[in-house]
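I have placed the structure first, in the form of structure tokens, so that the comments after it can refer back to it.
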Amino acid sequence: MKLKDGFKFQNSFGTLPKDLYEKVDQTPIDSAKLIHTTKLRSELGLNLLSDDDLRNWLNGETRLEGDQRIATRYAGHQFGIWAGQLGDGRAMSLGEIINPENKRFEIQMKGAGLTPFSRMGDGKAVIRSSVREYLCSEAMFGLGIPTTRALALLTGQDHVARETVERSSLVARVFPTNIRFGHFEMCFHFEKKETLKALIEYTCDTFFDVATTEEMLIQIVSRTAKLMAHWQNVGFCHGVMNTDNMSILGLTIDYGPFGFLEDTVLNFVCNHSDHNGRYAYNQQPSVAMWNLERLLVCFLDVVEKEKLISILNTYMPTFEAEYGKLCREKLGLQIESPQDYPLFISLLKIMGTLNLDYTFFFRQLASYEKGKPESFKNFWDYYGNRGEIKTWLGRYDERLVLESISDHDRSLKMKATNPKYVLKNYIAQEVIQDVEAGNSQKLEQWLDVLYSPFDEHPQFEKYSQPTPSEFKNIEVSCSS
Ligand code: AMP
Ligand code: MG
């Protein structure tokens, strides 16, 4: 089988020094069923393959001319501690497709069997974890947040032991590259100097439009800072921000025990293995900076230390500027005023004290009319008469006086920036149960919603309400 005309494989990562990867064979899952594919299928020219041909290729039963299965070697810091060598333990690349516009799409299968980096793991993925990754990567895309993408979801019949026995599955994900901070850490800490040099040159030339390593690092810091601003803004908590889960391109990567804020709990921890709350919601921006420091250390032989420090020091100002901008947009403010950030933070504190649903509140605020508390009807209906919010709305009224935009236009702008729908864990859970029962209807319906989370979807209205208390704060484990 071949790729469509105009598309070709160019497996550039596989031309790097051998320390960075191993050639591998995929272990097909049993009785694989192709549950769903996204629009990426046609963008990659894979729509010429029948469902069966695509399933067989993604499941490692057949080859496409020019493909190459590799698993990469990386290392990393996990929960703040040097973890040594890690690597793609249950994921493997099938190759990098170049489309007619010369854009690179690496396809990686997650759950594709043992690799030399599987350590104690079984190389498998279960339906629960694959559906979560599938939905959330597309949800982040729908929200306009940099992320790896999902191409296809397969389920199988193998029994996979986790806390209970679950069924196998595979998710095909797509990104320009799988390179993580951990690839640089592997080279640096195991003193593979030539490999590090080659990796730096390759990354710089292939994925960054820059002339020097320093410029590339400045971009990595900036992209990471902006990604954190976006996560904080939509209330996304990643859950496992180890350095091996940090994309060099500033993409959200490795969806595991993630969670979106439901009640506004600023120190919300979504990963129930994170006993110290290292990766709590409000810690994410500083953790990303700590992770960047681990990355920049790897460049000590290439870039002067003073320079690296000054590059790291661009992180906080970039994060603060971006987050400040997003917070202003969240409140529908067009002009900049020094009161804005304090106004926003005081609101978050009140929302935290009152346990208000983060997404619901901001969406309601989009319908608020200046000086008219009655326009906040949906909120009062749900939460009752909350004095603290009334007082805050008074401050908001005063701030809105500085703006010339009409309530109507502000509302439109706020609705385009405050999503009505995010992938709360109980929603993911409903889809998982449906897929486990062999259906794909809920998955399709939810993808539709998540691709346009700022629009109204009347048949899903109840999911835009605060999370029902019996479904709140589902804890999710790392086991995937
Ligand atoms: P994660 O916490 O998901 O980022 O995984 C950390 C490391 O463990 C990565 O190197 C993974 O490839 C590896 N890993 C996680 N789950 C499995 C599994 N079921 N089989 C093999 N390796 C795994
Ligand atoms: Mg990982």
Side-chain angles (χ1 to χ4, degrees), residues 19-22 24-27 29 60 69-93 106 108-134 136-137 147-148 150 156 158-171 173 175 177-186 189-190 237-249 251-259 269-275 278-279 284 287-288 291 294-295 475-480:
D19 304 320
L20 281 163
Y21 62 92
E22 301 273 358
V24 286
D25 290 319
Q26 185 170 349
T27 310
I29 56 171
R69 283 183 170 76
I70 59 168
T72 72
R73 177 182 277 109
Y74 51 79
H77 284 79
Q78 300 188 316
F79 291 90
I81 294 164
W82 172 242
Q85 181 184 295
L86 303 162
D88 296 322
R90 64 185 144 155
M92 56 188 64
S93 166
E106 178 171 342
Q108 203 191 42
M109 300 309 299
K110 214 166 160 180
L114 293 175
T115 75
F117 312 108
S118 299
R119 299 181 296 155
M120 310 296 280
D122 55 9
K124 297 197 160 111
V126 294
I127 294 177
R128 172 176 50 85
S129 67
S130 301
V131 170
R132 285 172 59 79
E133 167 135 14
Y134 199 78
C136 200
S137 49
T147 177
T148 61
D158 318 71
H159 296 284
V160 183
R162 294 293 181 260
E163 278 103 347
T164 57
V165 174
E166 300 184 46
R167 267 173 49 219
S168 60
S169 79
L170 270 177
V171 56
R173 67 176 170 189
F175 33 37
T177 181
N178 178 35
I179 300 177
R180 297 140 188 266
F181 291 10
H183 285 101
F184 293 89
E185 292 179 277
M186 187 279 291
H189 292 283
F190 295 118
C237 196
H238 181 281
V240 207
M241 286 180 68
N242 295 330
T243 56
D244 54 301
N245 289 338
M246 298 289 292
S247 156
I248 206 73
L249 301 181
L251 308 173
T252 313
I253 194 169
D254 274 8
Y255 293 90
F258 65 81
V269 180
C270 56
N271 176 354
H272 84 174
S273 321
D274 182 6
H275 307 297
R278 179 179 174 85
Y279 298 140
Q284 297 187 126
V287 166
N291 288 346
R294 305 285 74 68
L295 174 71
E475 287 202 340
V476 186
S477 77
C478 252
S479 85
S480 44

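In listed order, ligands and their atoms are each counted from 1. This chain uses plain numbering: 1 for the first residue, then up along the sequence.
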Review point. If you look at every heavy atom in Q85 and R119, which pair is closest and at what distance?
Key: O-CD, 4.1 Å
Check your understanding: Looking at D254, which atoms of ligand 1 are within less than 4.0 Å of one of its heavy atoms?
Key -> 4 (O)
Exercise for review: May I ask you to check if any N/O/S atom from D254 comes under 2.8 Å of the Mg ion (ligand 2)?
Suggested key: yes
Point to revise | Region of R73 that comes within reach of ligand 1 [heavy atoms, distance under 4.0 Å] | key: neither
**Study point:** Proximity to ligand 1 by part of F117, non-hydrogen separation under 4.0 Å
**Key:** neither
**Study point:** Part of L114 with heavy atoms under 4.0 Å of ligand 1, whether side chain, backbone, both or neither
**Key:** neither
Point to revise | Mode of K124 contact toward ligand 1 - side chain, backbone, both, neither (heavy atoms, under 4.0 Å) | key: backbone
Review point. For G123 and S118, which heavy atoms make the closest approach, and how far apart are they?
Key: CA-OG, 4.5 Å
Check your understanding: Relative to the heavy atoms of G87, which atoms of ligand 1 are at a distance of less than 4.0 Å?
Key -> 9 (C), 10 (O), 11 (C), 12 (O)
Check your understanding: If you measure only the distance, is there a donor-acceptor pair under 3.5 Å linking the side chains of E185 and H77?
Key -> yes
Practice item. Out of Q78, R90, R180, indicate the one that has the non-hydrogen atom closest to atom 14 (N) of ligand 1. Key: R90
Point to revise | Check: H238 main-chain N/O paired with Q284 side-chain donor or acceptor under 3.5 Å | key: yes
Check your understanding: Does any N, O or S atom in N242 come within less than 2.8 Å of the Mg ion (ligand 2)?
Key -> no
Exercise for review: State the atoms of ligand 1, each with its element, that fall below the 4.0 Å cut-off from a heavy-atom position in R162.
Suggested key: 19 (N)
Revision key, fill the gap. Counting from 1 in the order shown, the ligand 1 atoms closer than 4.0 Å to a non-hydrogen atom of N245 are 4 (O)
Check your understanding: Taking all atoms of both residues into account, what is the closest heavy-atom pair of L114 and M92, and its distance?
Key -> O-CE, 4.4 Å
**Study point:** Close side-chain approach of T252 and S137, heavy atoms under 4.5 Å
**Key:** no
Practice item. Decide whether the shortest distance between a heavy atom of G123 and an atom of ligand 1 is less than 4.0 Å. Key: yes
Point to revise | Backbone N/O of D19 and side chain of R73: donor-acceptor pair under 3.5 Å | key: yes
Review point. Parallel, tilted or perpendicular: which fits the ring planes of H189 and W82, with parallel below 30° and perpendicular above 60°?
Key: tilted
Review point. Would you say D122 and ligand 1 have an N/O pair spaced under 3.5 Å apart?
Key: yes
Exercise for review: State the atoms of ligand 1, each with its element, that fall below the 4.0 Å cut-off from a heavy-atom position in R119.
Suggested key: 7 (C), 8 (O), 13 (C)
Exercise for review: With atom 12 (O) of ligand 1 as the reference point, say which of G76, S129, G89, A71 has the nearest heavy atom.
Suggested key: G89
Practice item. Would you confirm whether D244, through its side chain, and A75, through its main-chain N or O, come within 3.5 Å as a donor-acceptor pair? Key: no
Review point. Among side-chain atoms of T147 and Y255, is any donor-acceptor pair under 3.5 angstrom?
Key: yes
